[in-house]
There are 2 protein chains.
Amino acid sequence: MSTSTSPSPPPPPPPETAPSPTRRELNKAATRQAISDSTLELLRSKGPGKFTVEDIAEAAGISRRTFFNYFSSTETAIASVTHGFLDTALQQFRLRPADEPILESARAALVELADPMSVAPMAELFSLTQASPLLARSELEAWDHCTEQIIAAARERAAHSPAGDMDELYLRALAGSVISCGKAAMEVWFSRCGTDLSPKSLAILRQLLIDSMGLLGSGFAAPHSSERS
Amino acid sequence: MSTSTSPSPPPPPPPETAPSPTRRELNKAATRQAISDSTLELLRSKGPGKFTVEDIAEAAGISRRTFFNYFSSTETAIASVTHGFLDTALQQFRLRPADEPILESARAALVELADPMSVAPMAELFSLTQASPLLARSELEAWDHCTEQIIAAARERAAHSPAGDMDELYLRALAGSVISCGKAAMEVWFSRCGTDLSPKSLAILRQLLIDSMGLLGSGFAAPHSSERS
DNA sequence: CACGCACTTACACTACGTGCATGTTTGCAC
DNA sequence: GTGCAAACATGCACGTAGTGTAAGTGCGTG
């Protein structure tokens, strides 16, 4: 599509995030982004399930066949947003010191998500997902994928740690619970604040994430109802 | 729930599971079962994704169109197995006394699942799901559906309880965690015992379910190494 | 018996996802 | 620069999914 008539792009690659700024990969990333953007735009304008792959291809200026070279379905294209969001959390998790309790690492990683840049796409996705089982399922897949990643990260951490072996049940149950609590916090936040991204709203999200990890760490002790934040 | 005071329902219903034994609904249930069976059979013989709706229809002795009158996709047909399994758990959960701690109710309900009749289809599904992302996603949906059900059940219970309002975060985080832990226990069990349904294997499953609830109740206290019994 | 309703079936149609053959761009060596 | 090879985009064709519609068939009711 673009980049056909550029007279002279300087040969040495400027220091970008990509370690291989070759023209091909750059172009490919651009196309991928264009598809993702067009998909999201159609999602906004027409609503979920109300547009076809051909519509996306046309909006992105590519052929239908090319779309499938990048994503295996519209769901996949949409899920890339969620994956990006959760990968951010994963990244944060991996940065935590290995001797820190997993719950604390998770808490720290999740709190990092309460950031306009990160949550903005997710909040929008949430609002669109509400009335669409089609989207809900790809969301589920994304969360599950993240769970697996956390298990892998935690297992790797355990291997480096002196205390060594964590058993499989502990690992999977904890990872799954952490994700469930993070998800619960997101859901409650969205039901209260919608797509509001103001500092106040984000503070609420942050607190919800902290609270959910607190519940998990205390074994969901007392529902009671008196403590209000 | 309790309509147990009538000793003899005289004219219409013979004491079967179906309250309406009319020929039509009976026939319909049979067809539904035939489809489900044929689907599972093809799943076994040909493997996931290796057969079409037409194959199922032919095996069940119906037309392709009729299949879609019962299930909206092959996934749905397969998921009916998982739904049946999880609905059993739900049913058990609802039977627990309202003043019992939720975690204890969940533990009791889950332990009821460690029963040959209940787990047999699930174990088979698990073995087929392993190498098939197609099945994995419908599994995820089923678990999620169950989570929503638990939330609903717990909320309803809270409404009847004197201690009244449980906040949304607590509810969702707990329900999600319970399901995640139950799922983790199932996964670990399957990875250890495969489709073995012997009493010894089921005892392991039962213990895993209890342990996972224990972890949840103790806030995932000490990973350490394993406390062995 | 005849009518009405639930259900099944056949047909047609849109859209998805993939294999394949072909044209175009990019990277690399000469 | 020129030529080559690999990567990528595209068009075409095919099988399959899922849905609307109208006509046929079995079941319950008056």
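Treat the numbers as computed from the prediction; the structure is a model and nothing was measured. Throughout, a chain's letter reflects where its sequence line sits, starting with A, and its residues are numbered from 1.
For the pair B:N27 and B:F67, both in contact range of DNA chain D, the more 5′-proximal nearest nucleotide belongs to B:F67. Between B:N69 and B:R64, the residue whose closest nucleotide on DNA chain C is further toward the 5' end is B:N69.
Legend: residues meeting salt bridge (Lys or Arg N to Asp or Glu O under 4.0 Å) with B:E168, ordered by chain and number and at least two apart, are B:R155, B:R172. B:S198 pairs by the side chain to side chain donor-acceptor pair (under 3.5 Å) definition with B:D196, not counting sequence neighbours. Contacts of A:L209 classified as side chain to side chain contact (heavy atoms under 4.5 Å, CB included), with partners at least two apart in sequence or in another chain: A:L110, A:A185, A:L205. Qualifying side chain to side chain donor-acceptor pair (under 3.5 Å) partners for B:S201, counting only residues two or more places apart in sequence or in other chains: B:W189. Judged as a side chain to side chain contact (heavy atoms under 4.5 Å, CB included), and not counting sequence neighbours, the contacts of B:A79 are B:H83, B:S138. Take A:T52 and apply the side chain to side chain contact (heavy atoms under 4.5 Å, CB included) test, not counting sequence neighbours, and it matches A:E54, A:D55. Considering only residues two or more places apart in sequence or on other chains, B:R137 meets the salt bridge (Lys or Arg N to Asp or Glu O under 4.0 Å) condition with A:E75, A:E141. Under the ring-ring contact (aromatic ring centres under 6.0 Å, His included) criterion, A:F126 pairs with A:F190, not counting sequence neighbours.
Side-chain N/O atoms of B:S63 include one lying less than 4.0 angstrom from OP1 or OP2 on C:dT9. The shortest distance between the side-chain N/O atoms of B:K28 and the OP1/OP2 oxygens of C:dC7 is below 4.0 Å.
If you take CG on A:L169 and CG on B:L215, they are separated by 5.5 Å, rounding to the nearest 0.5 Å.
Between its two ends, the helix from C:dC1-D:dG30 to C:dC30-D:dG1 turns its axis by 20°, counting five pairs per end and rounding to 10 degrees.
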Close N/O contacts between protein and nucleotides 3-5 of chain C (under 3.5 Å):
| from | atom 1 | to | atom 2 | distance (Å) |
| --- | --- | --- | --- | --- |
| C:dC5 | O2 | B:R24 | NH2 | 3.0 |

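Computed from coordinates, the A:L42 CG to C:dA15 C1' distance equals 15 Å when rounded to whole Å. If you measure from atom CD1 of B:I62 to atom P of C:dA10, you get 11 Å, rounded to the nearest angstrom. The distance between atom CD of B:E54 and atom P of C:dA10, rounded to the nearest whole Å, is 11 Å. Atom CG of B:L134 is separated from atom C1' of C:dC16 by 14 Å (rounded to the nearest Å). Rounded to a whole Å, the CG atom of A:L26 is 17 Å from the P atom of C:dT25.
Counting non-hydrogen atoms under 4.0 angstrom, B:Y70 reaches the backbone sugars and phosphates but no base. Counting any heavy atom pair closer than 4.0 Å across all strands shown, B:T52 reaches sugar-phosphate atoms only and no base atom.
For residues 46-72 of chain B, there are no ring-ring contact (aromatic ring centres under 6.0 Å, His included) pairs, not counting sequence neighbours.
Remark: of the listed residues B:L113, B:D115, B:V119, B:D115 is the sole one forming a side-chain contact (heavy atoms from CB on, under 4.5 Å) with B:M117.
The side chain of A:R65 has C:dG19 as its nearest neighbour among C:dG27, C:dT9, C:dG19.
Looking at A:E124 and A:R44, a side-chain N of the basic residue comes within less than 4.0 Å of a carboxylate O on the acidic one, giving a salt bridge.
Close approach of DNA chain D to chain B, defined as any atom under 4.0 Å from a non-hydrogen atom of the protein, starts and stops at D:dT16 to D:dG28.
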